[in-house]
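Heads up: the structure comes next, in structure tokens.
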Amino acid sequence: MEHISLQDMINAGMAHIKTGVHGEDSASTDTGNRSVSANTGNRSVSANTGVYSVSANTGEYSASFNTGNRSASANTGEYSASINKGNRSASINTGVCSVSTNTGNRSASINTGEYSAAVVEGKESVAAAIGYKSGAKGSLGSFLVLADWIETNGEKHIVDVKSVKVDGEKIKPGVFYTMKDGEIVEEDAPS
């Protein structure tokens, strides 16, 4: 599997928006309050800066961005990113090998994709990485929710879910954690 960095996805997404691409390589932007930006194209971008708004994307190799407070950014594409910078907001991603990140205070970053990551940087926020072989990291005072999986006869099954607070001692800020054999452990970024 090809790995694409979060910064590369952001740069590519912004390039798509600026160049006005179309078709499968498409963009959807919305800057209005209480508004929506949606995109279903492959290798595409959905961006929204409005308050009380939504940015959604279902394309592969794509990105969904949102900077509005009390808003959502969602993405179901593989190898993609869902990014939200608003306070009391949500960033949700279900794609395999994907990233969900949220920098707003009292916000959530949720990722259910396999080999994926959930990241929060805001105060009193939650990063949930529920997918197989996935990880989460957060800022001091935030919470991480992680799942433990087993693979039997080619089938994957969730066996446990735990949450921990990033306290700065046992669980460190800015460090990826995953769950293995019922224990929450440090790891490199999910691969």
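Positions are given from 1 along the sequence. Both backbone and side-chain heavy atoms feed into the values below; hydrogens, waters and symmetry mates do not.
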(Q) Run the side-chain contact (heavy atoms from CB on, under 4.5 Å) test on Glu151 and His157 for me, step by step, so that the C-alpha distance in whole Å, both residues' side-chain angles and the decisive distance to 0.1 Å come before the verdict. (A) CA-CA 6 Å; Glu151 188 170 359; His157 302 279; over 6 Å; no

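Here the NZ atom belonging to Lys180 is positioned 10.0 Å from the CG atom belonging to Asp148, to the nearest 0.5 angstrom. Between Phe176 atom CZ and Leu146 atom CG the span is 11.0 Å, to the nearest 0.5 Å. Here the CG atom belonging to Asp167 is positioned 8.0 Å from the CG atom belonging to Leu140, to the nearest 0.5 angstrom. Note that CD1 of Ile130 and CG of Asn111 are 9.5 Å apart. Values are rounded to the nearest 0.5 Å. The CG atom of Asn105 lies 6.0 Å from the NZ atom of Lys123; values are rounded to the nearest 0.5 Å. Atom CG of residue Asn102 and atom OG of residue Ser139 lie 10.0 Å apart, to the nearest 0.5 angstrom.
Heavy atoms only, all atoms of each residue included: Cys97 and Ser116 are closest at N-OG, 3.2 Å. Looking at every heavy atom in both residues, Ser142 comes nearest to Gly122 through CB-O, 4.4 Å. Here the closest heavy-atom approach between residue Ala127 and residue Ala118 is recorded as CB-O, 3.8 Å. Between Val175 and Lys137, the closest heavy-atom pair is O-CB, 3.1 Å. What you find for Ser134 and Thr178 is that their closest heavy atoms are O-OG1, 2.7 Å. The shortest non-hydrogen separation linking Tyr115 to Val96 is CD1-CG1, 4.3 Å.
Counting non-hydrogen atoms of other residues, nucleotides and ligands closer than 6.0 Å to CD of Glu124 gives a total of 12 or fewer.
Under a hydrophobic-cluster definition in which Ile, Leu, Val, Met, Phe, Trp and Tyr are linked whenever side-chain heavy atoms come within less than 4.5 Å, directly or via other members, Val145 and Ile158 are assigned to the same cluster. Hydrophobic clustering (ILVMFWY, side-chain heavy atoms < 4.5 Å, transitive): Tyr177 and Val185 are in distinct clusters.
Looking at Ser107, its side chain does come within 3.5 Å of a backbone N or O of Arg88 through a donor-acceptor pair. Listed for the Lys162 side chain is a donor-acceptor partner under 3.5 Å among the backbone atoms of Gly182.
Side-chain atoms of Lys165 and Lys170, non-hydrogen and from C-beta on, never get closer than 4.5 Å to each other. Residues Leu144 and Val166 meet the side-chain proximity criterion, which asks for heavy atoms closer than 4.5 Å.
Side chain to side chain, Ser109 and Ser91 fail the donor-acceptor criterion of an N or O pair below 3.5 Å.
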